[in-house]
Amino acid sequence: GTEASDEPDDHINVVLRVRPLNMQELTRRDVFHSSFPGSGTIEVDHNSSMRSFTYNVVFEPEATQEDLFDHSGVRKLVDMAMNGYACTALAFGQTGSGKTHTMTGPPQQFQDGKQIDPKMYGLIQRSLFYLFKQLEQQSGSKRIRASYLEIYNEQVIDLLNANHGKYLQVRWSKNRGFYVENLFLVECETVDDLMVVLEEGMRNRQTGSHGLNEFSSRSHSMLTLTIDSEQTDPDDENLAITKRGKLTFVDLAGIEKVKDSNSTAESLFESNNINKSLLVLGNCIASLGDAKKRHGHIPYRDSKLTKLLADSLGGNGVTLMVACITPSSHQVSETMNTLRYASRAKKI
Ligand code: ADP
Ligand code: MG
C-alpha cells in the first residue's frame, strides 16, 4: 500500500468526559438533553436537532477518577514513554468543565497545604504511581527529571522557579529540537519527589504573583517528565541500550464562550476569544489525525505550545486528548465547541 496507509492510526486518541452537574446546576435542573447510545458516542440536542459525536471512549458523569485512569488508555502512554517514546496527555474544554479535576484532582485540594485524598487523584498522580511501579520492576539504571511550566499570552513561565518571575525563551537546536532555555529541571528519585513537584507547580499556578482568577483559564500548564534508562542488551551483556522517553501532561486554556451562540466551527476558530495556542494546536492535531496529511507540513512553529509539543505530537508516541464538558443547558454552545474541537482531532 501507500506510505500513508501503513501508518498506524492510533497516534491520537480522543476521549470525552462529561462531568456531573454541580449543586447550583442541580438546583436549577439545567441539564441539557443528551444520550449515550454506547460505543464512544454521545448525542446532544442543540437547537432542537440531535447531533452525534463519536470518540474512542465517552465517560458519563458517574465515571470515577479511577475509571478515567483505567479506561482512557493513559497507561499505554506511560509504557511507551518508558520505552523511549514521547507521549502527551492533554485536557481541554471550557473553564469549569473539569480539566484540572481530571488531570490533577479537585483544584481546591492544592490550597492551604491540605492533605490530598488519594481517591481523588487525577490522571497525573495515577500515572506517576504507575510509572514508578513499572520502573521498580525494570533492571538497569534510570533517571527521571521533571519540569513544569505555564504558557500565558504566548509567554513561558517556570512554575518550579516562580520567584524568578521572568519569561523564558523558546529556542531551537538541531540536537534538542524546540526547548525552553533556563527551565528548571528537578531530579526525581521517588514518586514522592514527583508529587512534591506537582504540588509546588499547582500552588504556583494558583497563587503566583499574577494572582488573577482568569489566569488559569487562559493559560496552559505543562508538566514534562524526561525518562532516561539504561539496560543491558539481552543479546550481549557488554552492550547497553539507552533510551530517552518523555511524558507530558497539559492542562489547556479554556475553550471559551463565543459571542454568537449559533456559531459554527469556523467562527470558533476565527474568534478572538480562542487563545492562539489552542487554535494552532487544533490545526496541528487535525493534520496529524489525518493519515494523508500527517507527513506534510504541520504548523508547529505558529505557537509556543505547539513548538514544545512538536516532538510528542509528530513522533511515534501516542497523544491522548481528554475533552471535558459540562451537562449544563446554559453552556450547550460552549459544549458544542468542545465537541467539534475534539472531533477535528480524530475522524472515527
Ligand atoms: P477546569 O479546570 O476545566 O476549569 P475544574 O477542574 O476546576 O474545571 O472543575 C470545576 C469544578 O467542578 C471543580 O470544583 C471540580 O472539582 C468540579 N468537578 C469537575 N469535574 C468533576 C467530576 N468529574 N466530579 C466531581 N466534581 C468535578
Ligand atoms: Mg482548571
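Atoms within a ligand are numbered from 1 in the order they appear, just like the ligands themselves. What you see is a predicted model, and the numbers here were worked out from it, not measured in a lab.
Which parts of ligand 1 touch Thr95 is read off a 4.0 Å heavy-atom cut-off, strictly below it: atoms 4 (O). For ligand 1, the atoms closer than 4.0 angstrom to any heavy atom of Thr100 are 2 (O), 6 (O). Annotation for ligand 1: atoms under 4.0 Å from non-hydrogen atoms of Pro20 are 22 (C), 23 (N), 24 (N).
In this structure, atom 11 (C) of ligand 1 has no protein heavy-atom contact shorter than 4.0 Å.
The Mg ion (ligand 2) lies under 2.8 Å from an N, O or S atom belonging to Thr100.
Tested against Asp228, the residues Lys246, Arg145, Lys142 include a single salt bridge (Lys or Arg N to Asp or Glu O under 4.0 Å) partner, Arg145. For the pairing with Tyr148, the side chain to side chain contact (heavy atoms under 4.5 Å, CB included) check across Leu185, Asp158, Leu160, Asn161 returns one residue only, Leu160.
In this structure, His71 and Phe59 have tilted ring planes: the angle between them lies in the 30° to 60° band.
Protein heavy atom closest to atom 8 (O) of ligand 1, with residue, atom name and distance, is Gly98 N, 3.0 Å. The protein heavy atom nearest to atom 20 (N) of ligand 1 is His101 CG, 3.4 Å.
Polar contact check, Lys99 against ligand 1: a nitrogen or oxygen pair lies under 3.5 Å apart. Not a single N or O atom of Thr102, backbone or side chain, sits closer than 3.5 Å to an N or O atom of ligand 1. Taking only nitrogen or oxygen atoms, main chain and side chain alike, Asp251 does not reach within less than 3.5 Å of ligand 1.
Remark: distances from the non-hydrogen atoms of Gln94 to ligand 1 include one below 4.0 Å. The closest approach between Pro107 and ligand 1 falls below 4.0 Å for a heavy atom of the residue. By the 4.0 Å heavy-atom criterion, Gly93 is excluded from the residues contacting ligand 1. Taking a 4.0 Å cut-off on heavy atoms, Gln108 registers as neighbouring ligand 1. Distances shorter than 4.0 angstrom do not occur between any heavy atom of Asn22 and any atom of ligand 1.
Remark: Asp251 does not engage Lys99 in a salt bridge, criterion side-chain N to carboxylate O under 4.0 Å.
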Checking side-chain hydrogen bond (donor to acceptor under 3.5 Å, both in side chains) for the pair Thr54/Thr41: CA distance, chi angles, key distance, verdict? CA-CA 4 Å; Thr54 299; Thr41 299; 2.9 Å; yes

Given Arg143 and Glu187, is the salt bridge (charged side-chain N to carboxylate O under 4.0 Å, His left out) satisfied, shown in steps? CA-CA 8 Å; Arg143 182 181 187 208; Glu187 292 265 353; 2.6 Å; yes

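Both tests do not hold together for Arg218 against Tyr152: distance to the six-membered ring centre under 6.0 Å, angle to the ring axis within 45°.
Proximity of a side-chain donor or acceptor of Ser35 to a complementary backbone N or O of Pro37 within less than 3.5 Å is not detected.
Here the straight-line distance linking atom CG of Leu305 with atom CG of Leu252 works out to 6.0 Å at 0.5 Å rounding.
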